[in-house]
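Below is one structure; the comments refer to it alone.
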Amino acid sequence: MAGTAARPARGARSTAAVRDNGGVRLSRKDVPIVAMSAEADWVSRFADEVIAEAERRAPGKPIVCASGLSPSGPIHLGNLREVMTPHLVADEIRRRGHEVVHIISFDDFDRFRKVPAGVDSSWSEHIGKPLSSVPAPPGSEYPNWAEHFKAPMIAALAELGVEYHGISQTAKYTSGAYRSQILLAMRERARIDEILDRYRTKGKAAKKAPQQGLDEAEAAAAEAAAEGSGAASEDDGTAAAGYFPYKPYCSVCDRDMTTVTAYDDETTELSYTCVCGHSETVRLSEFDRGKLVWKVDWPMRWAYEGVVFEPSGVDHSSPGSSFVVGGHIVKEIFGAEQPIGPMYAFVGISGMAKMSSSKGAVPTPADALGIMEAPLLRWLYARRRPNQSFKIAFDQEIQRTYDEWDTLRRKVHEGTALPADVAAYGRAAATAAGPLPTTPRPLPYRTLASIVDITTGHAEQTLRILRDLDPEHPITSLDETRPRLDRAERWVTTQVPAEQRTRVREEPDAALLASLGDRERESLRLLLDGLDDHWSLDGLTELVYGVPKVQAGLTPDAKPTPELKVAQREFFALLYTLLVGRDTGPRLPTLLLAAGADRVRELLGG
RNA sequence: GGGCCGCUAGCUCAAUGGCAGAGCUGCGGACUUUUAAUCCGUAGGUUCAGGGUUCGAGUCCCUGGCGGCCCA
């Protein structure tokens, strides 16, 4: 296991670090860091460990890292950790010049457990079938349930730069690829039963009893609650006729409500009955429509693929969990070794204005990539060790996350970042295959969000404001600020609550305008008279700060005094109230430009 | 009843047995600027508690506490 595996000697690591950093020169500008300090970074440490293990187990062969995904529903941001953890390690191994393959196993031959909320209840007739045999949810363009949920994940992985070898367990099982492993497991069923028995507790019989009282739907719901990359708890194959680690899908109804009643090692003839009334005897040396129970299936695949690194969720850390039991089975039955397998903690979400509550769904990688660029999402998974839980911000915090990312980027290029931060940045911004796409002019996310909020995405207004942000190097096309601009816009429109959006008033606040004193009327008049001559970001800045100065008898370039600052604040509050109905808002020059001169005149009583 | 993980600055986290560090927040300042803009500076610690190993412990061992997750 990961915790007890021998660490390579210090010298070995230093050598790796030198080789890693040698030969790659960074130009000061915009070339993402490909080499990085191999020190002080969890990815590097796992890579050291995995390489050493791989060379001990299978010298000269490609190093195998693996992930398992169950397409039983939306594949969410927690499941992404199942992929990102081995991806980052495999990528580091690849950067060091080793041959490595990252397998993503889609467990689409698992049983359909439960009809999720929002799907027609008639789908309950499919409970017990392989996920690849269940019709896709209504309205889907995909041929079956599994493909429907795999597709968006596959698209997200491409955008994230994750290189992998995908394996459909349906294809593997139904092609007979695992036949000899299945026959072996059946032959060794008594020993498997004995291994499982070590972890079955004495209270089991008493505990099982109440389960009988549950109806099918409740039982399915309870099982679904434990669902993960592979359920931590699942039918382990115990039946009245003895223990069998294999379960056939019924030839008639295609469900796994089957019970094995007899098996002959000599002929490989297996008899089963199904709740649908069907019963038959098949020859396991030819029959391909069934699978090993999860606790045997997983270690079988470790052995079959020669997996050296595969993480799993923390729910696998218990004594009787499939990871622990699998460690015994892979060694004692399949004669192979357990992968190095860190437990990863859960990924939380902060925010989520709309999506989760209405659809009953947790956000997916595709949702995250809608509001943030791929390198940023990669960074969130790279910067924390797998055993640390973290949150992905869908609320205002995303602005801070982006600020941190931009600051880190600057520091990395200046050479002032800490080694661990440099490493995380490098893993986020590029893979062994090269850098990920970036935004040519990465303006601060909060600025973009603020602008898009005011302009409601209107391209012409947006460009006008962006152009004036940096007059020395004006932005000439929105494309320079993409895709970050599009992410910010999507964030504003899908995640920012309506009451936090800036809404320029449709009609003038007649009552307020009528109640204004002479001094306030004069300030508005001064502003309106200056609009045409100051219609630029800088010009309007000068104007809005200048109006109170002129009123105080000062010149527009006078130094501010405490009294003047008070007057400015009052003036700004008045403008905000008249323009957006609140006493604060986006910086006024930006707001004025976005609203447009005609609307400003109307709202200010001009 | 058992297991895994965590506990370090106000917050989020670094630190491979060798001088406890970043980011954010806060505070102070600059920019004609208290905004949802930019930059500079600065403060901040009994590393959960107690014991042990060691020349040396945030780090390793033991006991306890608190928190999260899981199994039964």
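Below, read A as the first sequence line, B as the second, and so on, with proteins coming before strands; counting in each chain starts at 1.
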Please confirm whether the shortest side-chain N or O distance from [X] to OP1 or OP2 of [N] is below 4.0 Å.
X: A:Arg45; N: B:A15; answer: yes
X: A:Arg385; N: B:A14; answer: yes
X: A:Asn387; N: B:G6; answer: yes

Starting from the C-alpha separation in whole Å, work towards a yes-or-no answer on ring pair (Phe, Tyr, Trp, His ring centres under 6.0 Å) for A:Tyr576 and A:Phe571. CA-CA 9 Å; A:Tyr576 283 125; A:Phe571 178 54; over 10 Å; no

For RNA chain B, stems built from three or more consecutive Watson-Crick or G-U wobble pairs below 3.5 Å: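 Ordered by first number, the stems with RNA chain B (at least 3 consecutive pairs each) read B:1-7 with B:65-71, B:10-13 with B:21-24, B:26-30 with B:38-42, B:48-52 with B:60-64.
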
Would you kindly give the [atom1]-to-[atom2] distance between [X] and [N], to the nearest whole Å?
X: A:Phe390; N: B:C69; atom1: CZ; atom2: C1'; result: 16 Å
X: A:Leu380; N: B:C13; atom1: CG; atom2: C1'; result: 14 Å
X: A:Arg400; N: B:G23; atom1: CZ; atom2: P; result: 12 Å
X: A:Leu196; N: B:A72; atom1: CG; atom2: P; result: 13 Å
X: A:Ile398; N: B:C24; atom1: CD1; atom2: P; result: 18 Å
X: A:Ile454; N: B:U35; atom1: CD1; atom2: C1'; result: 12 Å
X: A:Asp406; N: B:C24; atom1: CG; atom2: P; result: 12 Å
X: A:Arg198; N: B:A72; atom1: CZ; atom2: P; result: 18 Å

Using a 4.0 Å heavy-atom cut-off across all strands, classify [X] as base, sugar-phosphate, or nothing.
X: A:Lys391; value: nothing
X: A:Arg384; value: sugar-phosphate
X: A:Tyr576; value: base
X: A:Glu542; value: base

Inter-nucleotide [atom1] distance ([N], [M]), Å rounded:
N: B:U8; M: B:A14; atom1: C1'; result: 10 Å
N: B:U54; M: B:C61; atom1: C1'; result: 12 Å
N: B:A9; M: B:U63; atom1: C1'; result: 28 Å
N: B:G58; M: B:A36; atom1: P; result: 42 Å
N: B:A22; M: B:G45; atom1: P; result: 14 Å
N: B:A30; M: B:A37; atom1: C1'; result: 14 Å
N: B:U35; M: B:A20; atom1: P; result: 39 Å
N: B:C39; M: B:U25; atom1: P; result: 11 Å

Check whether the ring centres of A:Trp405 and A:Tyr425 lie less than 6.0 Å apart, and answer yes or no.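 Between A:Trp405 and A:Tyr425, the centre distance is under 6.0 Å.
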
Counting the benzene-type ring for Trp, do A:Phe346 and A:Phe390 have ring centres under 6.0 Å apart?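 Distance test on ring centres: not under 6.0 Å, no.
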
Just the atom pairs and distances: protein N or O near nucleotides 36-44 of chain B's N or O, under 3.5 Å.
from, atom 1, to, atom 2, distance (Å)
B:A37, OP1, A:Arg446, NE, 3.3

Give every donor-acceptor pair under 3.5 Å between a side-chain atom in residues 480-487 of chain A and any protein atom, sequence neighbours left out.
from, atom 1, to, atom 2, distance (Å)
A:Glu480, OE2, A:Thr476, N, 2.9
A:Glu480, OE2, A:Thr476, OG1, 2.9
A:Glu480, OE2, A:Ser477, N, 3.3
A:Thr481, OG1, A:Leu478, O, 2.7
A:Arg482, NE, A:Asp486, OD1, 2.9
A:Arg482, NE, A:Asp486, OD2, 3.4
A:Arg482, NH1, A:Asp479, OD1, 3.1
A:Arg484, NE, A:Glu373, OE1, 3.1
A:Arg484, NH1, A:Asp406, OD1, 3.4
A:Arg484, NH1, A:Asp406, OD2, 2.9
A:Arg484, NH1, A:Leu443, O, 2.9
A:Arg484, NH2, A:Asp406, OD1, 2.9
A:Arg487, NE, A:Leu369, O, 2.8
A:Arg487, NH2, A:Glu159, OE2, 3.3

Does any part of the side chain of A:Glu570, heavy atoms only, come nearer than 4.5 Å to the side chain of A:Glu520, both counted from C-beta?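 No. Closest side-chain heavy atoms not under 4.5 Å.
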
Looking at A:Arg490, I'd like to know if its CZ atom is crowded, meaning that more than 12 non-hydrogen atoms belonging to other residues, nucleotides or ligands lie closer than 6.0 Å.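 Open: at most 12 neighbouring heavy atoms sit under 6.0 Å from CZ of A:Arg490.
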
In terms of the angle between their ring planes, are A:Tyr402 and A:Tyr445 parallel, tilted or perpendicular, with boundaries placed at 30° and 60°?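 If you compare the ring of A:Tyr402 with that of A:Tyr445, the planes turn out parallel.
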
Would you sort out whether A:Leu527 and A:Leu575 count as a side-chain contact (heavy atoms from CB on, under 4.5 Å), showing the intermediate values? CA-CA 10 Å; A:Leu527 180 81; A:Leu575 291 178; 3.8 Å; yes

Could you check A:Glu570 against A:Lys411 and say which one's nearest nucleotide on RNA chain B is further toward the 5' end?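 Going by which nucleotide is closer to the 5' end, it is A:Lys411.
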
Closest approach to the side chain of A:Phe346, judged atom by atom: which nucleotide of B:C69, B:A22, B:U33 is it?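 The answer is B:C69.
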
From B:G6, B:G23, B:C13, nucleotide with atom closest to A:Gln388 side chain: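 The answer is B:C13.
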
Less than 6.0 angstrom from the centroid, inside 45 degrees of the normal: does A:Arg383 satisfy that with respect to the ring of A:Trp379?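 Judged by the rule, A:Arg383 and A:Trp379 form a cation-pi pair.
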
